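This one's a predicted model, so the numbers in the text were calculated from it and none came from an experiment. Counting convention: from 1, in listed order, for ligands and their atoms alike. Heavy-atom basis, side chains included; hydrogens, waters and symmetry copies ignored.
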Amino acid sequence: MSQPPTSDSTNQSWGGRFSEPTDAFVARFTASVDFDQRLAHHDIQGSRAHATMLARVGVLSEDERDAILAGLDEVQAEIEAGTFEWSVALEDVHMNIEARLTDKIGITGKKLHTGRSRNDQVATDIRLFLRDEIDTVAAELARLRQGLIALADHEADTIMPGFTHLQTAQPVTFGHHLLAWHEMLARDHERLLDCRKRVNVLPLGAAALAGTTYPIDRHVTAELLGFDRPAENSLDAVSDRDFAIEFTAFASTLLMHLSRMSEELVLWTSAQFDFIDLPDRFCTGSSIMPQKKNPDVPELVRGKTGRVYGHLMGMLTLMKSQPLAYNKDNQEDKEPLFDALTTAQDCLKAFADMVPAIEAKADNMREAARKGFSTATDLADYLVCRGVAFRDAHEIVGQSVAYGISADKDLSDMSLEELRRFSEVIEQDVFEVLTLEGSVAARNHIGGTAPDQVRAAAQRAREALATLTATDAPGDDR
Ligand code: ARG
């Protein structure tokens, strides 16, 4: 791919001022083409709009514009065909493409860079690129949300233990648990679309830092590229990468959420919990222990969270203390951003494929809820309804649980006489609240775990998702 520069390579773009060629190591050290070629498509997209605008305001003739657009088509075709020869001596994606354009169409190719700088060019490329990638991430996030909502609806009646401190606390429905995951992702989705608004602003026209003396029309360029508006300040436009940091902060929060879900999937597939089954295609075996079926996919998602956090910290630190305006430091924004993106996309795909395939082992979940005295709070609430002070009720139930542990009986397994040993206010109707079904059904308010509430919440989630994806910016990639 990239050829090492020869010792006499002099970069054409600034050769005029220099009396000796760039040191070969320095050329390699300062080059970004090995990674920023990922921006090639968007670099060409930006150049097309720039040339079109320049012709519109009379800086380029129509013939010059047409030659540039046709030349860019050819360059793009070479890149897509994999025949384009990237050169480290030409430093980055921008100069590689421009040099190839000039090879093809001659001197007119050199006019493309009129009224712009690589500083506003690279900022534009990253924004165009990131905007497209955000749309891909948003679509995958929507697919995962749909899968979660459907599974939650299906499991609205399935009872499992709810935990605090990972100790059995109260019975909940599996659907309710899944909708808790969904809420996390719904907020991530909002954060992503909010970030997109700040990405979708045009730097071109800022030129190197101060703007340009040519009679450019930045509104035309913005419209051609589907940006909401031109960036307000040229110094800021070429220098800040907060939009990329913001995306990486979104990705970090998303991965933090996916790591929590992963952790639960890993626990639930263990023999100790045995709450769910993950189909074999999402698992791997052990080369030495024949019985093993390992939940590698959730484990790996959990593990990948660390690298995304690392990229966020790296980018924040990269931007820290940079004086205005552009500094070469910013070339370091790309690799962490690209990797955060790829990681987020891969992890979302893994989850969107896997979630609909989760098989709940309802009997095991129910048994775990039954064994863990998960209706103890319900018994306390029952006593309070019969006039016992809450603190006393807590004490009474504590004694009943202690008895249950020694007699190996859940509260609902005890006879009325056994229960009445702890409080005389207990009557036959206590068994309505001590059953798991009674316990979850009683939490029948918005946000509660009752099956009817879960079904209603799933319906609201479906509607909110439909509204969000309908108002999502359509492909404004022109
Ligand atoms: N490769 C550079 C980057 O990624 C492009 C901008 C370079 N500008 C400059 N004046 N050296 O930031």
Practice task
Please work out which of the three classes, parallel, tilted or perpendicular, describes the rings of Phe250 and Phe247, given edges at 30° and 60°.
Solution key: tilted
Fill in the blank from the handout: Paired with His182, the side-chain contact (heavy atoms from CB on, under 4.5 Å) test is passed by just one of Arg145, His177, Arg187, namely Arg145
Handout entry: Close residues, ligand 1: non-hydrogen atom nearer than 4.0 Å
Key = Ser32, Asp36, Asp92, His94, Arg118, Asn119, Val122, Tyr326, Gln331, Lys334
Acceptor/donor pairs from residues 55-64 side chains to any protein atom, 3.5 angstrom cut, sequence neighbours excluded:
from	atom 1	to	atom 2	distance (Å)
Ser61	OG	Asp63	N	3.4
Ser61	OG	Glu64	N	3.0
Ser61	OG	Glu64	OE1	3.4
Glu64	OE1	Ser61	N	2.8
Glu64	OE2	Lys111	NZ	2.5

Problem - Any residue meeting ring pair (Phe, Tyr, Trp, His ring centres under 6.0 Å) with Phe351, in chain and number order, not counting sequence neighbours - result: none
Handout entry: All ring pair (Phe, Tyr, Trp, His ring centres under 6.0 Å) counterparts of Phe84, not counting sequence neighbours
Key = Trp86
Problem - Within 45° cone and under 6.0 Å: Arg131 NZ/CZ vs Phe227 ring - result: yes
